[in-house]
Amino acid sequence: MTENIIDLKKITVEFKDGENQVQAVKNVDLQVEKGDIYGIVGYSGAGKSTLVRVINLLQKPTAGEVHINKQDLLQLKPVELRQARTKIGMIFQHFNLMKSRTILGNVEYPLLKTKLSKSERTKRATELLKLVGLEQRKNDYPRQLSGGQKQRVAIARALANNPDILISDEATSALDPKTTLSILNLLKQLNETLGLTIVLITHEMQAVKEICNHVAVMQKGEIVERGDIEEIFSTPKKKLTQEFINIATNVGPAVEKVTENPSFQQLTQKQQLVQLNFIGQSTEQPIISTLAKQFDVDGNILFANVEQLHEETLGFMILVLTGENQNITKAIQFLKDNQVRVKLLNKVDKKEVQA
Amino acid sequence: MTENIIDLKKITVEFKDGENQVQAVKNVDLQVEKGDIYGIVGYSGAGKSTLVRVINLLQKPTAGEVHINKQDLLQLKPVELRQARTKIGMIFQHFNLMKSRTILGNVEYPLLKTKLSKSERTKRATELLKLVGLEQRKNDYPRQLSGGQKQRVAIARALANNPDILISDEATSALDPKTTLSILNLLKQLNETLGLTIVLITHEMQAVKEICNHVAVMQKGEIVERGDIEEIFSTPKKKLTQEFINIATNVGPAVEKVTENPSFQQLTQKQQLVQLNFIGQSTEQPIISTLAKQFDVDGNILFANVEQLHEETLGFMILVLTGENQNITKAIQFLKDNQVRVKLLNKVDKKEVQA
Amino acid sequence: MASWFPNVIHMQSEFAQATWETVYMTLVSAIIAGVLGLATGIFLIASQPGGILEDSFIYGLLDKIVNLLRSIPFIILLAVIAPFTRYLVGTTIGTTAALVPLIIGIFPFYARQIQNALTEIDPGVIEAAQASGSSPTEIIFRVYLREGLPDIIRASILTIISLIGLTTMAGAIGSGGLGDIAISIGYARFENDVTIVAMLIILIMVFIVQFAGDWLAKRLEH
Amino acid sequence: MASWFPNVIHMQSEFAQATWETVYMTLVSAIIAGVLGLATGIFLIASQPGGILEDSFIYGLLDKIVNLLRSIPFIILLAVIAPFTRYLVGTTIGTTAALVPLIIGIFPFYARQIQNALTEIDPGVIEAAQASGSSPTEIIFRVYLREGLPDIIRASILTIISLIGLTTMAGAIGSGGLGDIAISIGYARFENDVTIVAMLIILIMVFIVQFAGDWLAKRLEH
Amino acid sequence: HQLSHSAKAKTTTITVGSMGSDYDIWKHIAKSNDAKEAGLKIKVQQVTDGVQLNNGTAQGNIDVNAFQSYSYYEAYNKQHPKQQLSALGTTYLEPMGIYSKKYKKVSQIPDGATIAIANNPANTARDLLLLQSAGLIKLKANFSALGNVSDIKSNPKNLKFKEIDDTTGPRVLKDVDAVLISNTVALEGHLHVLTDSIFHEKIDQSTRSNINILATAKKNAHNAKYKKLVKLYHKKDIQRYIKDKYYGTKIEVQKPIAYLK
Ligand SMILES: Nc1ncnc2c1ncn2[C@@H]1O[C@H](COP(=O)(O)OP(=O)(O)OP(=O)(O)O)[C@@H](O)[C@H]1O
Ligand SMILES: Nc1ncnc2c1ncn2[C@@H]1O[C@H](COP(=O)(O)OP(=O)(O)OP(=O)(O)O)[C@@H](O)[C@H]1O
Ligand SMILES: [Mg+2]
Ligand SMILES: [Mg+2]
């Protein structure tokens, strides 16, 4: 399981355009283990698309090495490269469907190279279309589909050839949440049953949280942070990562809203606004109940985002603690002793938490 | 403020395509008040794009009436229609930028019709590009931009002419969360300062919650539910709406995760898994603290999503209640008496909550 | 009838013959020049800078050959390639002999049009095919020729109509055909009715080609 | 020199004259036919079913005129439009008189090419312009002509090269030019060196047009 | 009409429209001392389409043309009652010849042989008349100057006719059994009608109408300057030049127009 199916070494990609020169990717290393689901997030224009396009050499890097499935892609003969590419499915940000083929024809396309008979191809493509919920439309042409429908066709096409690796460039950004979830579940299922390795560019941190095991955060062409999903979500090191998580978990906007709300600004002497972050088993112990029973401090939840992430509980909360001053102080100390990070919000610098 | 700037009456749109015939929009009424921010959500292919394209008559309805700003668009002369359109900005799902113009040129395009001088146009367009964070790239061409960057240019273009109405068809779906948030804030600010009316198609319920006052849910060409954002989010009537909200608030996946997780299935006799939904001032009273102090029932939060929505608190939680059986029963009764909806999860039918 | 078309009336068999000759020349040279031009156009697209088989030598060579052939006036082309024509069809005069210069005269034009048409294809779609492991040949047949089909058809209409025009010049080497009748009988001998009828028949052919082509292109545009 | 080009050597002033005539005919008719063809092509696009100024009558009319003009063999066109030519330029013989049939011979071809080129423009972009309140005229000038510029240039190259070919046929009405020298002196008199030199000059012109056009099209393709 | 106007203004410049070897001859004449002596300024313009050249002459865009035989001129006048031409005088007669690579004599031409003839009417009829004189075919009684293969009465050898652009004549010699080539074209193809052809026209009654003429618009029929051109053509130096250049195949004919009728 620790074998790296994708191993990009010191990848640099430059675009030259007359006088302009953009370094879209700068000296990036990226290792993805077989069977992993690897998320890539970052601002628009960070170089995510460019980086993943290097994986199947659609984008030749200006410098660096590309090892996929133990093959050094840059050293392969064209025919070998094409063979290697059949095992790397790709979902494009802009769908890239063929307008002259039906939906079915588009999904069948990658199968034309295989030894499957016409009817086997149709069968396989129809199955895939069923998976993405478009079997009814199989004889329509891309022009007749809505944005999300096109994206689902692109997903089916990328899976047609039973790839080892699936590269997904915002495959769900045009989809409604329900369809997004079902596609993510589909990907997860393929990952679990067939060992499909997935590289997922997405803007939806929710999606990352949902299915990724690892995540890399890109900024201005570089991977500024990477790691286990729990690690990144619980203890982000970079400001950018923090911001992304704040927005994804909605903490950023929530803090802003709460601190801007006059009614929460006018707390009594006996009240204290706090922000709590916690991870792990800490919630095995019922915090708020404990505060109430042990310190006689009531916790009123203004904002909460608590969830189970890979067997651990990850939580953010904004509470109004009400009680005697010394009790509140004790309660906060108790929380800190239990690995809960506490931030007093009355004094908080608005800028610091704002997105 | 109760004047309807957009008033679509009994709109039907049919696409004929040889033998095929798709009713993309079926007999839909849509009223949007001046200064409102109106969200439209729904599955991929539900007819959202088609419906909003009727607002500026890019899509002629097969039947129905289109009143915008008190004008009956279907009765206007071409020159009047064009005049009316200058006041309706539109952000397209597929950007639709002109590849022969620079970023700046694209944003300036709608201003070419106006009386502004060249330098005034450039000034205005540059301001807008600054707002979307692309001022640095203003002399680049669309080809040189990433997907998200293109979308931001499209946003700037739609705003160039100081429209009264802004139609946004998934304007933020290709954007990272940070940029999304800043765009949403921008829209909200324009809405507040200039009274811009916004119709927003989006797949991100988070975005809807963030800035919309009203929301309509579309399914198969019809608006199946509509109303105030608080109303819809707290007491959705249709299954589809429920599902969307569940996914948006992450309740659906959370319930699934929790109920599937063996450690939560093996609760002791003294434990009870519950799901709580609440809205309004109910959280003024610290629920969990009260349960602890009053009923000696500890509440351990497995999942929580609590937030402030237009001055009200909206919350979903999954808790493990621990205490004597009769205390738990009393605690649940207490919650119900306080307008908290309680669902016992041990017995829950998995299918019912699964997305 | 006889007073309006005094000469045509005695030339029915000549008209039938000429129509057949025009159809024959147009069809045969369209098919052969079509294949040649398509192949050349595709090679131009594939070998061009940034193409799927980028090769600046082949691109430069083809580009120059196409330009060269396009600079030779047709009448001179008839003469220049006469030895080649004789080698291929055994004679340099007559309808069949006309095919060779017609083909060589029109295929570079068609190749250029194909090149222009295929330039339009969304590079993203080509990339998607490459990503799925398609070879250049597969991309040519399964992507370029399919995605570009409506445009290829439009280019073909334009070319076939130009070709019909060109056949009228092949009269110089005894090709016959409607153009030849219109010019060397109708025009040169002042039998205006012959010119008019010959042109009407050509016009009908042009309309049929245009109509059928438009219909096909529209049908294929999904 | 003298042994390789026995005839050319005595014809330097004729060559200079002929080159000028060809350049003159090509340039002037390219400009006028360019404007006419562009206008016709744009009207075809705008009036076509689903176009920004859909009008099936105008579309049908233009479509038929273009086809009609394209079905007339050039030699006959010379004769048919002679009265019109005389009305416009006062004579039917000579270089200037050749402009009229050249223009009428080439502009329908160019119009068709423009139509084909503009068909390619992303309808989404047209919609975006419509949504911003642009009038049909604005869409034509600010969207079609700009977005389609690289393709318009490619179509123009193809047309200008075809036009250079067509000028060689205008010798029939005393237009002069390189094609005429190549045919009526070089070819008819077996003075091969004359033919070769005339064609080389034409070839150079073709290359200049192609090169300049390609360069421009590439530059404009952002 | 600027051109005719300017022609009047500069009365000394005469535009002669011509083609082929006539064009060369008239370019020579234009530069000759004889022309200067006669006070004539001549501009020669090549127009390769006979119909256009006659039209242009009738309309006054060309002052005088020099390319056609009398029979073709008559046919033109018959078809264009509104654009009448007038013959100024005769120039020369050149014999049309039958050429063949395969056969030395007309009698050797076999059954079913392919004969290439000109596709321009000035020469088609003349070609057919020559074939008739050679005894290969018989033509209908009303055979005109615009006659063509459909006017053949009998074709005992079942000859096949290919109408071609006559300037390609020398080039297709190899591809057919025999080609009829006008002298102008033959000369350019380095063929000498008197020695290389297997049969050629005699200068007799039957070929009288093949004599070449100078023509002008009817209204200029009596223009003295234009008439001077006829005299100029027959000047000694000029005739010597023509004889040398065309090996005596352009036989001078200096007769009144009435002789041709
Ligand atoms: N062909 C190109 N020429 C010039 N610059 C380019 C080109 N393609 C991409 N870029 C630039 O490279 C940078 C990275 O682009 P890329 O598409 O990888 O971004 P991204 O992270 O995928 O963004 P998004 O989330 O918006 O899709 C951007 O600044 C972009 O403008
Ligand atoms: N031009 C067309 N011809 C035929 N059917 C069409 C056309 N445009 C849209 N449709 C169909 O109409 C329905 C509604 O499409 P629409 O684009 O409005 O969906 P949408 O709600 O915007 O979806 P998405 O969220 O995926 O963008 C879909 O079923 C689509 O396939
Ligand atoms: Mg991208
Ligand atoms: Mg849509």
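Lettering follows sequence order; numbering is per chain, from 1.
The list of salt bridge (charged side-chain N to carboxylate O under 4.0 Å, His left out) pairs with a residue in residues 59-73 of chain C, not counting sequence neighbours, reads Asp63(C)-Arg112(C). Within the structure, no pair that satisfies the salt bridge (charged side-chain N to carboxylate O under 4.0 Å, His left out) test touches residues 195-211 of chain C, not counting sequence neighbours.
Remark: Phe43(C) CZ is loosely packed, at most 12 non-hydrogen atoms of other residues, nucleotides or ligands lying under 6.0 Å away.
Neither the backbone nor the side chain of Leu78(C) has a heavy atom closer than 4.5 Å to any heavy atom of chain E.
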Counting backbone as well as side chains, what donor-acceptor pairs lie under 3.5 Å between chain C and chain E?
from, atom 1, to, atom 2, distance (Å)
Arg86(C), NE, Asp175(E), OD1, 2.9
Arg86(C), NE, Asp175(E), OD2, 3.4
Arg86(C), NH2, Asp175(E), OD2, 3.2
Thr92(C), N, Asp175(E), OD2, 3.4
Thr92(C), OG1, Asp175(E), OD2, 2.2
Ala172(C), O, Asp165(E), N, 2.9
Tyr187(C), OH, Asp49(E), OD2, 2.7
Tyr187(C), OH, Gln52(E), NE2, 3.2
Arg189(C), NE, Leu146(E), O, 3.2
Arg189(C), NH2, Thr124(E), OG1, 2.7

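For the side chain to side chain contact (heavy atoms under 4.5 Å, CB included) test, residues two or more places apart in sequence or in another chain that qualify with Leu200(C) are Ile196(C), Leu203(C).
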